[in-house]
Amino acid sequence: RQRFRTERDREMVSRLFETSFMRPCSEHSLYHNIDRDVSQVGLAVLARNSSTQETAFPCIESVPRLAEIESLMIAIKQDLPCILVGPSGSGKSVLLRHVAALAGKALVVFPLNADVDTMDLIGGFEQADPHRELQSCIAQLRTALQSAILRTVPQLVPSSALDLYSTLATLERDSNHGVAIPVIEAALADLPSDHELYGLLKVLLNLLGKPLALENPRFEWLDGVIVKAIENGEWLVLDNANLCSASVLDRLNSLLERPNGFLSINE
């Protein structure tokens, strides 16, 4: 019934249901609860991130919105694309932040408008930049290290892991690579070769040892916001999708199909 936008249409659906099945379209209980591992609203049960909560709970009264929250959780659990429709200020973004906080997920919000083209969503070729590659590697390693540290809690976190995390945070702001290289080499010496961080540390060390100036300028493919979100398992919100060109959104049709949706990058 929530596919219909007006209360009158939803009442007609309920009446049709009752006429066809000879029983009332009764409402079910919207019991809600949150614990360490799962969150529940009505029929929806969503697993929670046990170590981090990337999104803070927004300041809303959630009880009057439990029906919408339940539908969002069911759509996410079943990998269904979900479209939120409503006037500006009706609380669409707040609902998304609330469900993301329940699951401990981060939201990647990409605002759409009439000027957005396919390259903004899918990606395209741009001039190669060693700084961009280095910053991307640092961010990826920092996220993986943060998860590893939080999984260690409440046990004692090794001081070498905290030193490495502090060094990566400094690297993101400062280009003084000479200080970081000994810390990364020490971390590599302490880790077994099959550890999840070992490969990322090797890549970062290799990048830090290279000059940050291109000898032969060239173009390289850069993934767009949708491809990055898919690869990282992030929750992507396409804000103001009604303002975007239909031809751009058509590229997402194959991705949103169930089952086994896919995104073809012909470029």
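Only a predicted model underlies this, so the values are computations on that prediction, with no experimental measurement involved. The first residue of the sequence shown is numbered 1, and numbering continues consecutively from there. As a basis for the values below, the full set of heavy atoms in this structure was taken, side chains included, without hydrogen atoms, waters or symmetry mates.
Checked by atom type and distance alone, the side chain of Glu133 never pairs as donor or acceptor with a backbone atom of Gln135 at under 3.5 Å. The backbone N or O of Gln155 lies less than 3.5 Å from no partner atom in the side chain of Thr152, so there is not a single donor-acceptor pair. Put simply, the side chain of Thr55 gets close to the backbone of Lys105: a donor and an acceptor are under 3.5 Å apart. The main-chain N or O of His131 is found under 3.5 Å from a side-chain atom of Asp129 such that the two form a donor-acceptor pair. No side-chain donor-acceptor contact under 3.5 Å links Ser166 to the backbone of Leu162. Between the side chain of Asp35 and the backbone N or O of Val38, at least one donor-acceptor pair lies under 3.5 Å.
Ile230 and Val237 fall into different hydrophobic clusters, defined by Ile, Leu, Val, Met, Phe, Trp and Tyr side-chain heavy atoms under 4.5 Å apart, directly or through other members. Val45 and Leu43 are members of different hydrophobic clusters when ILVMFWY side chains are connected at heavy-atom separations under 4.5 Å. Under the 4.5 Å side-chain contact rule for hydrophobic residues, Leu222 and Ile138 do not share a cluster. The hydrophobic cluster containing Leu255 does not contain Phe262, counting ILVMFWY residues as joined when their side-chain heavy atoms lie under 4.5 angstrom apart, directly or transitively. Ile265 and Val248 end up in the same hydrophobic cluster when Ile, Leu, Val, Met, Phe, Trp and Tyr side chains are linked at under 4.5 Å.
Proximity of Ile76 to Trp235: side-chain heavy atoms (C-beta onward) are separated by under 4.5 Å at one or more points. Taking the side chain as every heavy atom from C-beta outward, Val63 and His32 approach each other to under 4.5 Å. Between Phe4 and Met12, the closest side-chain pair of non-hydrogen atoms is not below 4.5 Å. In this structure, the side chains of Val225 and Ile122 stay at 4.5 Å or more apart for every pair of heavy atoms. Under the 4.5 Å side-chain criterion, counting only non-hydrogen atoms from C-beta, Tyr198 is not in contact with Val203. A heavy-atom distance below 4.5 Å is found between the side chains of Leu201 and Leu164. Side-chain contact between Leu46 and Val99: present, with at least one pair of heavy atoms (C-beta onward) separated by less than 4.5 Å. Put simply, the side chain of His28 reaches to within 4.5 Å of the side chain of Glu70, judged on heavy atoms.
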After noting the C-alpha distance and the side-chain angles of Tyr31 and Leu66, does the key distance pass the side chain to side chain contact (heavy atoms under 4.5 Å, CB included) rule? CA-CA 9 Å; Tyr31 167 80; Leu66 287 176; over 6 Å; no

Determine, stepwise, if the pair Ile83 / Val85 fulfils side chain to side chain contact (heavy atoms under 4.5 Å, CB included). CA-CA 6 Å; Ile83 302 175; Val85 180; 3.8 Å; yes

I would like to know whether Leu112 and Leu121 meet side chain to side chain contact (heavy atoms under 4.5 Å, CB included); could you show each step before the answer? CA-CA 10 Å; Leu112 297 176; Leu121 296 178; 4.0 Å; yes

Verify side chain to side chain contact (heavy atoms under 4.5 Å, CB included) between Leu207 and Leu205, making sure each step is shown before the conclusion. CA-CA 5 Å; Leu207 290 174; Leu205 190 61; over 6 Å; no

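Between the side chains of Gln146 and Tyr165, at least one donor N or O lies within less than 3.5 Å of an accepting N or O. When only modelled atom types and interatomic distance are considered, Ser160 and Asp163 share no side-chain donor-acceptor pair under 3.5 Å. Remark: the Asn49 side chain and the Thr52 side chain contain an N/O donor-acceptor pair separated by less than 3.5 Å.
For Phe21, the ring pair (Phe, Tyr, Trp, His ring centres under 6.0 Å) partners are Phe17, not counting sequence neighbours.
Scanning all heavy atoms of the two residues, the minimum distance from Leu84 to Cys82 falls at CD1-SG, 3.9 Å. Between Leu249 and Ala241 the shortest heavy-atom distance is CD1-O, 3.6 Å. Nearest heavy-atom pair, Glu196 versus Ala148, reported as atom, atom and distance to 0.1 Å: OE2-CB, 4.1 Å.
Distance check: Leu256 CG to Leu263 CG gives 9.5 Å after rounding to the nearest 0.5 Å. Atom CD1 in Ile74 sits 12.5 Å away from atom CD1 in Ile69 (nearest 0.5 Å). Put simply, NE2 on His98 and OG on Ser39 are 8.0 Å apart, with the number rounded to the nearest 0.5 Å. Going from atom NZ of Lys202 over to atom CD of Glu185 covers 9.5 Å, rounded to the nearest 0.5 Å. We find the CG-CG distance between Asn113 and Asp120 to be 8.5 Å, quoted to the nearest 0.5 Å. Atoms CG and CG, from Leu145 and Leu200 in turn, are 10.0 Å apart once rounded to the nearest 0.5 Å.
At a threshold of 4.0 Å, the pair Glu68-Arg65 counts as salt-bridged, since one of the basic side-chain nitrogens sits closer than that to a carboxylate oxygen. Between Arg10 and Glu7, at least one side-chain nitrogen of the basic residue sits less than 4.0 Å from a carboxylate oxygen of the acidic one, meeting the salt-bridge criterion. Between Arg132 and Glu220, at least one side-chain N (NZ, or NE/NH1/NH2) sits under 4.0 Å from a carboxylate O, which counts as a salt bridge. Between Arg48 and Glu54 there is no salt bridge, since no side-chain N of the basic residue sits under 4.0 Å from a carboxylate O of the acidic one.
Enclosure of atom CD in Gln140 is not indicated, since only 12 or fewer non-hydrogen atoms of other residues, nucleotides or ligands lie within 6.0 angstrom. A 6.0 Å sphere centred on CG of Asn216 holds more than 12 heavy atoms belonging to other residues, nucleotides or ligands. Annotation: Lys92, atom NZ; neighbour count of heavy atoms from other residues, nucleotides and ligands within 6.0 Å is above 12. Within 6.0 Å of CD in Gln53 there are more than 12 heavy atoms belonging to other residues, nucleotides or ligands.
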